Participant: 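Mind having a look at this structure? Questions to follow.
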Amino acid sequence: GAVVSQHPSWVICKSGTSVKIECRSLDFQATTMFWYRQFPKQSLMLMATSNEGSKATYEQGVEKDKFLINHASLTLSTLTVTSAHPEDSSFYICSATTRTGASYNEQFFGPGTRLTVL
Amino acid sequence: GNSVTQMEGPVTLSEEAFLTINCTYTATGYPSLFWYVQYPGEGLQLLLKATKADDKGSNKGFEATYRKETTSFHLEKGSVQVSDSAVYFCALSGSSGSRLTFGEGTQLTVNP
């Protein structure tokens, strides 16, 4: 299957700083990337849908000013956690896909980024 | 809306035991159904999928059959290995190819 990478794989930062996480589709052009958050021993919570060249669509309850998403090219989307606080500590996973008409094709997942805010 | 319900974990088995992880869903139309596996500290990997009723998805000894009459997609494996220890997620994608809806995940531990 297609390969999706994330960088960094883990990051530790101080409270109040901003952290950028990159999601790259390595061998295909992804029109759409999804960002998920996963709490320990829980399922994936969709945060936002990112379409190349347009603004991201955020799920209800997700602060768009805190979780900035940019999808500037067909192979790269970034998630920036601004003014991070300990409650933002989590495992962040991206996935990438393409569209056929209005339908999404199979999603390919990145390996995840572990964020720890001290 | 769409929803997925998985059997609660954790599940602990001995090597070579038979595995079943139940998954039922609620959706309109004809969704596609998936099982994903997440190994410790990693992202999700697609394990198998089925796109229409009565389809059987299979991979690495795992299989699941799309049962529309019971709205189920139970995951089975005849003989588990220690390396199968992971979290398993059942998921669906709506008939219009919409985004994924995940179940809660089931932690499987296989002891030697």
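Remember, predicted model here, so these are calculated numbers, not experimental data. Letters A, B, ... mirror the listed sequences (proteins, then strands); counts begin at 1.
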Participant: Might you confirm whether atom NZ of A:K64 has over 12 heavy atoms from other residues, nucleotides or ligands at distances under 6.0 Å?
Facilitator: no

Participant: Can you tell me if CD on B:E15 sees more than 12 non-hydrogen neighbours from other groups inside 6.0 Å?
Facilitator: yes

Participant: Rounded to the nearest 0.5 Å, how far does CG of A:L44 lie from OG1 of B:T101?
Facilitator: 11.5 Å

Participant: Does one hydrophobic cluster hold both A:I21 and A:I69, with members joined at side-chain heavy-atom distances below 4.5 Å?
Facilitator: yes

Participant: Rounded at 0.5 Å granularity, tell me how far CG in B:L44 sits from CD in A:Q38.
Facilitator: 7.0 Å

Participant: Quick one: pull up CD in B:E42 and CZ in A:F109 and give me the separation to the nearest 0.5 Å.
Facilitator: 14.0 Å

Participant: Assigning hydrophobic clusters by single linkage (Ile, Leu, Val, Met, Phe, Trp, Tyr; side-chain heavy-atom cutoff under 4.5 Å), is B:Y88 placed with B:V11?
Facilitator: yes

Participant: Which one of B:F102, B:Y39, B:F34 has the most heavy-atom pairs closer than 4.5 Å to chain A?
Facilitator: B:F102

Participant: In terms of heavy-atom contacts, does NZ of B:K52 have more than 12 from other residues, nucleotides or ligands at under 6.0 Å?
Facilitator: no

Participant: Please look at B:Q38 and chain A and tell me whether the side chain, the backbone, both or neither of the residue comes under 4.5 angstrom of a heavy atom of that chain.
Facilitator: side chain

Participant: Would you name the heavy atoms of B:Y36 and A:Q107 that are closest together and state the gap between them?
Facilitator: OH-O, 4.0 Å

Participant: Do B:Y25 and B:F89 sit in the same hydrophobic cluster, where Ile, Leu, Val, Met, Phe, Trp and Tyr count as joined when their side-chain heavy atoms come under 4.5 Å apart?
Facilitator: no

Participant: Let me check something: do A:V62 and A:L79 share a hydrophobic cluster, defined by ILVMFWY side-chain heavy atoms less than 4.5 Å apart, either directly or through other members?
Facilitator: yes

Participant: Taking atom CD of B:E8 as the centre, does the number of heavy atoms from other residues, nucleotides or ligands within less than 6.0 Å exceed 12?
Facilitator: no

Participant: May I ask whether A:W35 and A:V11 are part of the same hydrophobic cluster, defined by side-chain heavy atoms of I, L, V, M, F, W, Y residues being less than 4.5 angstrom apart, directly or through others?
Facilitator: yes

Participant: Work out which heavy atom in A:S43 is nearest to a heavy atom in B:G103; give both atom names and the distance.
Facilitator: OG-O, 2.5 Å

Participant: Could you list which of residues 80-95 of chain A have a heavy atom closer than 4.5 Å to any heavy atom of chain B, in residue-number order?
Facilitator: A:F91, A:I93

